[in-house]
2 protein chains.
Amino acid sequence: MKNKQVSEPTLRRLPGYLFFLRKIMDQGIVNISAPVIGRNLNCDATQVVKDLSVTGIKGRPRIGYDTYELIHDLEEFLGFNRTNEAFLIGAGNLGTALMAYQEHQSLGLKIVAAFDVDSNKIGKNIGGIYVLDYNRLFHLTGRLDVKIGILTTPNHVAQDVAEDLVNCGIKAIWNFTSATLEIPDNVIVQNTSMSSYAAVLLRRLSDSGQ
Amino acid sequence: MKNKQVSEPTLRRLPGYLFFLRKIMDQGIVNISAPVIGRNLNCDATQVVKDLSVTGIKGRPRIGYDTYELIHDLEEFLGFNRTNEAFLIGAGNLGTALMAYQEHQSLGLKIVAAFDVDSNKIGKNIGGIYVLDYNRLFHLTGRLDVKIGILTTPNHVAQDVAEDLVNCGIKAIWNFTSATLEIPDNVIVQNTSMSSYAAVLLRRLSDSGQ
DNA sequence: TAGATTGTTAATCGATTAACAATC
DNA sequence: TAGATTGTTAATCGATTAACAATC
């Protein structure tokens, strides 16, 4: 169960390789070396080699990696070629945005239903996904075996909803709120707060002399 | 111009402190210590002290920090209490999502206009923001002195648009695409690709034994 | 005063980068 | 064979954590 975990910086970079590889495969390039990848993605060739090695793929000295094989192995490793079903909780601005956002499919993510407490939102269909009454969450997790919960509620209810999700048997929460979730260690939490990025961007802008 | 740059991990954590502090200020708590903050945000007290020190705020032994002052200094430091105007390029799913997303205002970000090449989108008003013809971008940056560009185009045009933004005098690009942008060093790029987070989440889920 | 907390300096930890042997 | 590239092991770098003196 506990294979050596791949570091978060490495995991974050892997999709970047994947998108680049798809682009060059479209151009008919069948072999690609780490130095060339590095040059295109602004990073060290050694790091490319190390990052790619986590998938178990082998390259050939002098030639590099097989583009197609590398794409396949990365998709496999990241789970992008599977269908990972998810529930979305909170059909507000960000929630509906994510429902309409089609790219998730290329990440193997499929939002199978959204939930909200607002009766004005319940029953709506956004991007092919229905907004259901939040009270039905327990019922549906029991039937569908969905493992991922996407949390896009207001901050002040995030903790309560997260606890509900855990009680429903959800195994991973993609947290878009600014709240720090207190939940058991065996449930994976991926925090993705827009404010963190805005903070870095705005501060760097100040640093650069306005 | 070059004050010692605050590390990215620290900058990313600062908004978390801010949201927690606002919450407890609403509860009437006027002083807060690093150990208490750490306990609530699941991190080390020493790290809290170090992180907060970047704002220049001073705490008092035995008592802690002044909640109000801390909030103010963090907002100031991050630029959240200013109005940072931004253009958004690419009014697709993610783009319109970000336009409708109201929370930006609490980050001091204001999208003043969006641009697209699709005549079906041009002229629309989403969340109070007009979608303009991409060809007018040059004209408007010249007049408005906007420094931030939010990039939500398809991946394959990201590089071209980024170059246009640089030529328009944009100083910082918030890149939501999966493309690696090649632009001059003096322009700040903040990459925020959903796929990176999805990668971490899905892989951690696999690691945990499905 | 006693004790908790700040704030700084040192130690640890982990990720990135460099060095180099193996290999095609 | 010669030379470029992989892949591993060692060195470096930076962030986190620990230790501790200063302070209220």
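To find a chain, count down the sequence lines: A is the first, B the second, and so on, and within it residues start at 1. Side-chain atoms are counted along with the backbone in the values below, which use heavy atoms only and exclude waters and symmetry mates.
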Which of the following nucleotides, [options], is nearest to the side chain of [X]?
X       : options                : value
A:Val49 : C:dG3, D:dG7, C:dA15   : D:dG7
A:Lys50 : C:dC24, D:dA15, C:dT17 : C:dT17
B:Asp44 : D:dT16, D:dT5, D:dT17  : D:dT17

> For A:Tyr101, which residues count as a ring-ring contact (aromatic ring centres under 6.0 Å, His included) partner, sequence neighbours excluded?
Replying inline: A:His104

With a 4.0 Å cut-off on heavy atoms, is [X] in touch with a base, just the backbone sugar-phosphate, or nothing at all?
X       : value
B:Thr46 : base
B:Ala45 : nothing
B:Lys58 : sugar-phosphate

Euclidean distance, atom [atom1] of residue [X] to atom [atom2] of [N] [Å, nearest integer]:
X       : N      : atom1 : atom2 : answer
B:Arg62 : C:dT5  : CZ    : P     : 7 Å
B:Arg12 : D:dT16 : CZ    : C1'   : 16 Å
B:Asp66 : C:dT5  : CG    : C1'   : 16 Å
A:Leu11 : C:dA15 : CG    : C1'   : 13 Å
B:Gln47 : C:dT8  : CD    : C1'   : 16 Å
B:Gln5  : D:dG14 : CD    : C1'   : 14 Å
A:Glu8  : C:dC13 : CD    : P     : 20 Å
B:Asn31 : D:dC24 : CG    : P     : 15 Å

> Any luck finding a side-chain donor-acceptor pair between A:Glu76 and A:Asn81 under 3.5 Å?
Replying inline: yes

>> Quiz question: by atom type and distance under 3.5 Å, do the side chains of A:Gln5 and B:Arg204 form a donor-acceptor pair?
In response: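 A donor-acceptor contact under 3.5 Å links the two side chains.
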
> Dot-bracket, DNA chain D: Watson-Crick or G-U, under 3.5 angstrom, [ ] crossing, | other strand?
Replying inline: ..||||||||||||||||||||||

When rounded to the nearest 0.5 angstrom, what distance separates [atom1] in [X] from [atom2] in [Y]?
X        : Y        : atom1 : atom2 : answer
B:Leu201 : A:Asn175 : CG    : CG    : 11.0 Å
A:Arg39  : A:Asp44  : CZ    : CG    : 11.5 Å
A:Asp26  : A:Ile24  : CG    : CD1   : 9.5 Å

> Which comes earlier along DNA chain C counting from the 5' end, the contact point of A:Ile63 or that of B:Ile32, where each point is its nearest nucleotide?
Replying inline: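 Upstream on the strand: B:Ile32.
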
>> If you assign each of A:Asp51 and B:Arg60 to its closest nucleotide in DNA chain C, which residue comes earlier from the 5' end?
In response: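 Result: B:Arg60.
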
> Between B:Arg60 and B:Tyr65, is NZ or CZ placed under 6.0 angstrom from the six-membered ring centre and within 45° of the ring axis?
Replying inline: no

> Do NZ/NE/NH1/NH2 and the carboxylate oxygens of B:Glu75 and B:Arg22 come within less than 4.0 Å?
Replying inline: yes

> Using a cut-off of less than 4.0 Å, is there contact between a side-chain N or O of A:Arg13 and OP1 or OP2 of C:dT16?
Replying inline: yes

> Any side-chain N or O of B:Tyr65 under 4.0 Å from OP1/OP2 of C:dG7?
Replying inline: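 So the side-chain polar atoms of B:Tyr65 do come within 4.0 Å of the phosphate oxygens OP1 or OP2 of C:dG7, strictly under.
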
